[in-house]
Amino acid sequence: MEDRNKLIQRRIEKLKEFKSKGIEPYNNAFLPDSLAEDLHKGYDETDSEELINKDICVAVAGRVMAYRSFGKAGFMKLKDFSGQIQVYAEKNSLSEEDFKLYKKIDIGDIIGVEGCLFKTKTKELTIKAKKIVLLTKSIRPLPEKWHGLQDKELRYRQRYVDLIVNNEVKETMIKRAQIINAIRDFMVQNRFIEVETPMMHKLVGGATAKPFITHHNALDIDLYLRIAPELYLKRLVVGGMERVFEINRNFRNEGMDLKHNPEFTMMEFYIAYRRYTFLLDFTEELFEYIFKRLGIDEKKVEFNNQTIDFSRPWKRLDFFDGLKSVGGLDEETIKNKEKAYNLAVELGKSVKKDMSLEKILAELFDALVEPKLINPTFVVGYPVAISPLARRSSENPDITERFELFVSGMEMANGFSELNDPFDQKERFLKQLEERKKGDDEASMYDADYIRALEYGLPPTAGEGIGIDRLVMLMTNHDSIRDVILFPLMKDKENEEI
RNA sequence: GGGUCGUUAGCUCAGUCGGUAGAGCAGUAGCCUUUUAAGCUAUUGGCCGCAGGUUCGAUUCCUGCACGACCCA
């Protein structure tokens with residue numbers, strides 16, 4: 001707190017002055033009885049005379065967002081979590097001490113006000129203050145009233161300031177909460193049980209990603225922050241919890257960009273005695289439910305300068321057909337590894353010679369097909385080689401009963417009929433182990449306990465993961481994941497003051 | 001990891017073809033009892049991101065670094 005600028009020093013001086021006069025600058029004894037929003041709802045329509053006659057007196061508390069003073073009177077805008085309400089302070093209606101206090105209030109201070117409602121010349125509902133109490137002295141100046149805080153770096157690093165001055169942030173986060181509530185309600189209505197499985201895993205599995213590593217001192221073992229809850233949720237289905245879901249964080253030790261944050265929120269769910277085809281309809285229904293709850297017109301969802309139509313049914317696109325019809329690949333490239341590899345290199349993809357044809361095709365799909373999938377599209381028919389936990393199709397053993405959902409080129413969901421054959425699963429684990437030995441640190445580890453669980457018997461099951469952050473991006477029209485996460489990960493700056 | 005752009009007052013931004021920097025808001029002093037980005041008058045405030053180089057002289061040109069935004073991988 002040493003090398004402060006003058007604005008802060010000036011406010012600290014005020015704070016000291018308050019203390020010396022017996023005014024507590026961090027006072028918690030004031031109890032508001034009304035919220036700004038409720039007052040507007042209750043009395044915005046009441047006309048001036050009637051309002052005066054009713055003599056409605058209230059106590060409100062909040063942060064001073066605007067301060068307009070002229071000599072012996074003035075106005076303040078007080079902001080609480082529900083909204084803003086105007087306060088009128090005039091010399092004749094206040095005690096001498098309170099008026100002096102009012103004159104010394106800074107924008108950003110948190111105060112309590114007691115007074116009665118009236119309407120100004122311009123018909124704005126206002127509280128005429130009888131009593132003003134300083135609740136918290138703010139010693140840092142707020143950003144400019146008109147432009148607010150624009151600097152994205154500061155907005156993410158100091159989200160508390162962002163929230164104070166940019167209302168849009170709170171609105172987005174409220175929508176985020178509403179979306180998650182809607183999902184939860186929908187799942188519960190469908191008789192799913194919400195569970196919490198470990199965030200710290202002894203083995204890496206359930207997805208293809210690099211994990212974060214941490215250490216447990218007492219046991220002296222390394223643990224991994226989970227990259228997916230999948231294997232634990234399926235253990236629960238083995239145990240008879242035939243419909244389970246979890247909404248929680250996953251952690252992937254990867255780069256950050258518009259669509260990736262190292263920790264992100266997923267809803268993963270499993271339902272026994274259903275196939276992946278059930279999931280397609282269920283996902284459509286879930287989205288429909290969320291849109292309805294949020295009051296969004298599902299036919300016209302504005303996102304990233306596009307208008308997306310979520311009318312059901314959504315498009316189904318076969319992986320290989322998509323490579324041809326959307327990606328423009330010919331039959332030969334799809335079957336010839338050499339050709340596919342060369343094309344991938346040409347497109348600047350980081351492919352390796354020893355990659356499987358399927359993995360290279362997945363890269364091509366990523367580059368050529370995904371960006372073109374704007375309206376919601378279920379891609380189906382993924383090859384086995386890139387789907388280590390999905391059940392093989394009974395018609396074609398090289399492909400799986402799996403789908404991914406794309407919207408505006410973004411992967412939104414991934415689901416499949418679960419592989420419940422312990423022998424097949426064991427083989428695929430062994431294959432992953434080989435990949436790992438070859439240096440692929442995204443391959444999963446051999447989970448012997450999971451195999452044992454499958455040996456007890458996992459009923460036929462369908463499971464899916466939905467990226468919540470991306471869903472919120474879509475429904476609040478933000479093209480950056482950082483705008484839907486309250487505290488996105490940021491690099492430390494040098495010389496942070498202590 | 002690579003490329004482009006950015007970093008100037010508390011905030012939002014100008015600007016300097018290389019000669020010690022401006023505005024608006026905020027702040028301070030004064031006037032003002034119904035304002036709405038209140039108004040009027042006056043005024044304080046800057047290691048021009050950090051380090052190095054070129055130069056008589058660098059906030060400006062060059063290099064490196066840090067952080068960020070965007071694009072690509």
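Sequence lines set the chain letters: A, B, ... in the order given, protein chains first and strands last, and positions in each chain run from 1.
The nucleotide whose nearest atom lies closest to any side-chain atom of A/Gln86 is, among B/A73, B/U36, B/U33, B/U36. Side-chain proximity of A/Thr120 to the nucleotides B/A69, B/C11, B/U36 is greatest for B/U36. When each of B/C11, B/C13, B/G10 is scored by its nearest atom to the side-chain atoms of A/Gln150, the top-ranked nucleotide is B/C13. Nearest to the side-chain atoms of A/Ser480 among the listed nucleotides B/U33, B/C67, B/C70 stands B/C70.
The gap from the C1' atom of B/A58 to that of B/G18 amounts to 7 Å, rounded to the nearest Å. B/G46 and B/U41 have their P atoms separated by 25 Å, given to the nearest Å. The gap from the C1' atom of B/A23 to that of B/U44 amounts to 16 Å, rounded to the nearest Å. B/A26 and B/U12: their P atoms are spaced 15 Å apart (whole Å). Of the C1' atoms belonging to B/U54 and B/G2, the separation is 29 Å, rounded to the nearest Å. Separating the P atom of B/G49 from that of B/U7 is a span of 8 Å, rounded to the nearest Å. Only the P atoms considered, B/A21 is 13 Å distant from B/C47, to the nearest whole Å. Between B/G45 and B/A29, the two P atoms lie 16 Å apart (nearest whole Å).
Residue A/Leu94 is classed as having no contact, given no heavy-atom separation below 4.0 Å to the nucleic acid. At a threshold of 4.0 angstrom between heavy atoms, the contacts of A/Gly148 are confined to the sugar-phosphate backbone, with no base atom among them. Counting any heavy atom pair closer than 4.0 Å across all strands shown, A/Arg482 reaches sugar-phosphate atoms only and no base atom. A/Lys491 comes within 4.0 angstrom of the backbone, heavy atoms only, and of no base.
The backbone N or O of A/Thr46 sits less than 3.5 Å from a side-chain atom of A/Lys119, completing a donor-acceptor pair.
Rounded to a whole Å, the CD atom of A/Gln158 is 11 Å from the C1' atom of B/G10. For A/Ile127 and B/U36, the CD1 to C1' distance is 16 Å, given to the nearest whole Å. In this structure, CG of A/Leu149 is placed 14 Å from P of B/G10, rounded to the nearest angstrom. Between the NE2 atom of A/His260 and the P atom of B/A73 there is a distance of 13 Å, rounded to whole Å.
Minimum heavy-atom separation, A/Ser138 to A/Asp109: N-OD1, 3.0 Å. Across all non-hydrogen atoms, the minimal contact from A/Asp55 to A/Cys116 is OD1-SG, 4.0 Å.
With hydrogens and angles ignored, a donor-acceptor pair closer than 3.5 Å exists between the side chain of A/Lys77 and the base of B/U36. Residue side chain A/Asp151 does not reach the base of B/U7 through any donor-acceptor N/O pair under 3.5 Å, judged by distance alone. Within 3.5 Å, no donor on the side chain of A/Thr122 pairs with an acceptor on the base of B/U34, nor the reverse. On a pure distance criterion of 3.5 Å, a polar donor-acceptor pair joins the side chain of A/Glu124 and the base of B/U36. Donor-acceptor pairing under 3.5 Å, judged by distance alone, is present between the side chain of A/Tyr88 and the base of B/U33.
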With both pairing distances under 3.5 angstrom for Watson-Crick or G-U wobble, and | for a partner in another strand, the correct string for RNA chain B is (((((((..((((.....[..)))).(((((.......))))).....(((((..]....)))))))))))).
Restricting to nitrogen or oxygen on both sides, can you table the protein-nucleotides 23-28 of chain B pairs closer than 3.5 Å?
| from | atom 1 | to | atom 2 | distance (Å) |
| --- | --- | --- | --- | --- |
| B/C25 | O3' | A/Lys145 | NZ | 3.1 |
| B/A26 | OP1 | A/Lys145 | NZ | 2.8 |
| B/U28 | OP1 | A/Lys14 | NZ | 3.3 |

Item to complete: Please step through side chain to side chain donor-acceptor pair (under 3.5 Å) for the pair A/Asn167 and A/Lys79, ending with a clear verdict.
Response: CA-CA 11 Å; A/Asn167 287 327; A/Lys79 182 182 186 179; 2.9 Å; yes
Would A/Asn250 and A/Arg226 count as a side chain to side chain donor-acceptor pair (under 3.5 Å) if you check the C-alpha gap in whole Å, the side-chain angles of each, and the deciding distance to 0.1 Å?
-> CA-CA 6 Å; A/Asn250 287 341; A/Arg226 76 178 192 190; 3.1 Å; yes
- Query: Do A/Phe406 and A/Phe378 pass the ring pair (Phe, Tyr, Trp, His ring centres under 6.0 Å) test, and can you show the C-alpha distance, the side-chain angles, and the key distance before you say yes or no?
  - Reply: CA-CA 7 Å; A/Phe406 291 91; A/Phe378 289 117; over 10 Å; no
- Task: Carefully, step by step, assess A/Phe365 and A/Phe319 under the rule ring pair (Phe, Tyr, Trp, His ring centres under 6.0 Å).
- Result: CA-CA 8 Å; A/Phe365 195 90; A/Phe319 179 78; 4.8 Å; yes
* Stepwise side chain to side chain donor-acceptor pair (under 3.5 Å) check, A/Glu90 with A/Ser93 -> CA-CA 6 Å; A/Glu90 60 176 18; A/Ser93 308; 2.8 Å; yes
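When each of A/Glu153 and A/Glu90 is assigned the nucleotide of RNA chain B with its nearest heavy atom, A/Glu90 is the one assigned upstream, toward the 5' end. Taking for each of A/Leu154 and A/Phe75 the nucleotide of RNA chain B with the nearest heavy atom, the 5'-most of the two is the partner of A/Leu154.
Aromatic ring pairs are classed by plane angle as parallel below 30°, tilted from 30° to 60° and perpendicular above 60°; the pair A/Phe310 and A/Trp314 is perpendicular.
A side-chain donor from one of A/His478 and A/Glu168 sits under 3.5 Å from a side-chain acceptor of the other.
Exactly one of A/Phe70, A/Tyr102, A/Phe75 qualifies for a ring-ring contact (aromatic ring centres under 6.0 Å, His included) with A/Tyr88. That residue is A/Phe75.
Phosphate contact (OP1/OP2 of B/U35, side-chain N/O of A/Arg68, threshold under 4.0 Å): absent.
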